[in-house]
Amino acid sequence: MLNFVEAMRDADFVFIDGEIFETRYLRIPDENTTADDIVLEAQRNDAEIELTRFDIDQAVPLESNFFRLKNGMVVRFLSTAVVH
């Protein structure tokens with residue numbers, strides 16, 4: 001999970017299953033983070049997404065800094081410099 005946590009640090013946007021969402025809240029998991037704690041909130045127009053520690057545990061790294069979550073979602077974190 002370390003690669004996933006490093007990728008999400010300071011991310012302005014998150015690419016989830018082909019859609020770009022603006023990051024609203026990020027919490028870097030630590031030893032005090034429980035499975036139910038929200039670590040990511042992101043929004044795209046009226047759509048919102050939340051990921052918990054449980055959702056991101058055991059994220060599998062894919063090529064080009066993409067990750068596959070347990071639920072099958074494909075995620076990549078982006079900074080403003082990457083999007084523009």
Side-chain angles (χ1 to χ4, degrees):
M1 185 175 68
L2 183 58
N3 289 342
F4 187 88
V5 170
E6 286 302 314
M8 82 185 264
R9 189 178 308 276
D10 300 323
D12 299 308
F13 300 91
V14 59
F15 181 83
I16 302 174
D17 288 342
E19 303 285 338
I20 295 180
F21 291 79
E22 184 176 0
T23 304
R24 298 290 189 193
Y25 171 80
L26 281 176
R27 177 180 178 185
I28 303 300
D30 58 25
E31 64 277 351
N32 297 316
T33 311
T34 66
D36 292 335
D37 287 338
I38 294 172
V39 295
L40 169 78
E41 290 179 0
Q43 183 175 359
R44 181 176 189 266
N45 300 323
D46 291 335
E48 294 183 7
I49 192 159
E50 295 179 345
L51 297 177
T52 64
R53 171 71 184 259
F54 178 82
D55 294 326
I56 69 165
D57 277 346
Q58 301 172 16
V60 176
L62 304 173
E63 62 184 79
S64 301
N65 210 22
F66 283 83
F67 299 88
R68 183 174 309 281
L69 304 183
K70 285 187 229 184
N71 64 8
M73 293 170 76
V74 176
V75 175
R76 182 178 188 200
F77 294 97
L78 305 167
S79 68
T80 302
V82 172
V83 173
H84 291 290

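Only a predicted model underlies this, so the values are computations on that prediction, with no experimental measurement involved.
- Between F15 and V74 the shortest side-chain heavy-atom distance does not fall below 4.5 Å.
- For F67 and F77, the gap between ring centers reaches or exceeds 6.0 Å.
- With values rounded to the nearest 0.5 angstrom, L51 atom CG is found 5.5 Å from I16 atom CD1.
- Note that the CZ atom of R27 and the CD1 atom of I38 stand 10.5 Å from one another [nearest 0.5 Å].
- The minimum heavy-atom distance linking I56 with P29 is given by the pair CD1-CG, 3.7 Å.
- Taking all atoms of both residues into account, the shortest heavy-atom contact from P61 to A59 is CD-O, 3.6 Å.
- Rounding to the nearest 0.5 angstrom, the gap separating the CZ atom in R24 from the CD atom in E50 is 13.0 Å.
- Considering only heavy atoms from C-beta on, T34 stays 4.5 Å or farther from R53 through its side chain.
- Between V14 and A42, the closest heavy-atom pair is CG1-CB, 3.7 Å.
- Between the side chain of Q43 and the backbone N or O of N45, at least one donor-acceptor pair lies under 3.5 Å.
- Taken to the nearest 0.5 Å, the CG atom of L40 stands 10.0 Å off from the OH atom of Y25.
- Annotation: the span from E22 atom CD to D12 atom CG amounts to 8.0 Å, rounded to 0.5 Å.
- Side chain of N3 to backbone of E6: no donor-acceptor contact under 3.5 angstrom is found.
- For D46, the CG atom sits in a loose shell: 12 or fewer heavy atoms of surrounding residues, nucleotides or ligands are nearer than 6.0 Å.
- Counting all heavy atoms, side chain and backbone alike, I49 lies closest to M73 at CD1-CE, 3.2 Å.
- Heavy atoms from other residues, nucleotides or ligands lying under 6.0 Å from CZ of F54 number 12 at most.
- D57 places a side-chain heavy atom less than 4.5 Å from the side chain of K70.
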